[in-house]
Structure formats: structure tokens, C-alpha cells
Amino acid sequence: ITGPMAGGQGREAYAKLVGQKFEYFVDKQRFILGRKAKKEHKLAPDEQFFCISEQKNISRKHVIISWDPKEKGWYLICKGKNGLQVNGKMVTPDSKRTKLNDRTQLKISDVTLYFLLPKKK
């Protein structure tokens, strides 16, 4: 995978998600973005969940982002019925998976965040 990046507490991460009200470090090869659920999300051991909002127009599992070892890249699949924008382009559950690059902008409802990769050495 792309090289580790420094996490806030001296940990390493594959990528970072930065929004206006949050900053998350990605340390698994698959993660979910969505709204907070009443019950805790059931996740596989290799998954992470990041709450980006409590708005009802954002699904509990709105977006799945995962590392593809064959393609050597990060890809997004939309699961939320309201879709999202990736660098200004609309992505819906009917869309093909979308490749993410460093500094990709994601806009889910009124939540804007950026997908950041570590700097190459």
C-alpha cells in the first residue's frame, strides 16, 4: 500500500480524511463513511467506520472506500441513495467504482471532506 503517514498520536496511517469538524486517520484497507447509528455498526475485523454527520439524508453506510492491491489504488463505491460528489462529479449507487487520488474532494450532502495520501519519499 502507499506508505504510512504520521498519525496524531505517533501512529501510522494509510490515508487521512479531513473535514471541517473532523480529522480521521485510516489504518485499515477498507472503511465506511456514514451517519451515526443508534446501535454500533457491525464491522469485519479489517474495516473501520467514520461518522461524518448525524443528518438523515446521509446513509449509515453511505460510502465504502477500499484498497485494491491489484490496481494499487484506493477506490470508492457509493451505497447511499442520495449519492455524493467526487471532485464535483455526481456518483450514485449505479455508478462504477471511482478511483481516489491524493486531495480528492468528497461532498456528501453538505459535508465536504478531503481524502489525503501520504507524501512519497
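Just so it is clear, the structure is predicted and the values come from calculations on it, not from any experiment.
- For the pair Tyr24 (side chain) and Cys51 (backbone), a donor-acceptor distance under 3.5 Å is present.
- Atoms OH and CH2, from Tyr75 and Trp67 in turn, are 9.0 Å apart once rounded to the nearest 0.5 Å.
- Of the possible donor and acceptor atoms, one in the side chain of His62 sits under 3.5 Å from a partner among the backbone N and O of Gly83.
- Ion pairing of Lys16 with Glu23 is present here, as a side-chain N (NZ or NE/NH1/NH2) and a carboxylate O approach within less than 4.0 Å.
- With contacts defined as side-chain heavy-atom distances shorter than 4.5 Å, the pair Trp74/Val26 qualifies.
- The CD1 atom of Ile77 lies 13.0 Å from the NZ atom of Lys96; values are rounded to the nearest 0.5 Å.
- Residues Leu106 and Ile65 form a side-chain contact, since some pair of their non-hydrogen atoms from C-beta on lies under 4.5 Å apart.
- Between Arg97 and Asp68 the shortest side-chain heavy-atom distance falls below 4.5 Å.
- Between Arg35 and Arg60 there is a side-chain heavy-atom pair separated by less than 4.5 Å.
- Annotation for Ser59 and Gly80: closest pair OG-CA, 3.3 Å, computed over non-hydrogen atoms.
- Across Asp27 and Glu12, no two heavy atoms sit closer than the pair CB-O, 4.1 Å.
- Cluster annotation: Met90 is not connected to Ile58 through the hydrophobic network of ILVMFWY side chains, with a link wherever side-chain heavy atoms come within less than 4.5 Å.
- Screening Ile64, Val86, Leu33 for a side-chain contact (heavy atoms from CB on, under 4.5 Å) involving Leu76 leaves a single residue, Val86.
- Scanning both residues, Thr104 and Asn101, for their nearest heavy atoms gives OG1-O, 2.6 Å.
- Nearest approach of Glu47 to Ile32, heavy atoms of both residues: OE2-CD1, 4.0 Å.
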Determine all donor-acceptor pairs shorter than 3.5 Å in which one atom belongs to a side chain in residues 108-118; sequence neighbours excluded.
from	atom 1	to	atom 2	distance (Å)
Ser109	OG	Gln55	OE1	3.0
Ser109	OG	Asn57	OD1	3.4
Ser109	OG	Asn57	ND2	2.8
Asp110	OD1	Gln55	NE2	2.5
Tyr114	OH	Gln105	NE2	3.0

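- The backbone N or O of Lys28 sits less than 3.5 Å from a side-chain atom of Gln48, completing a donor-acceptor pair.
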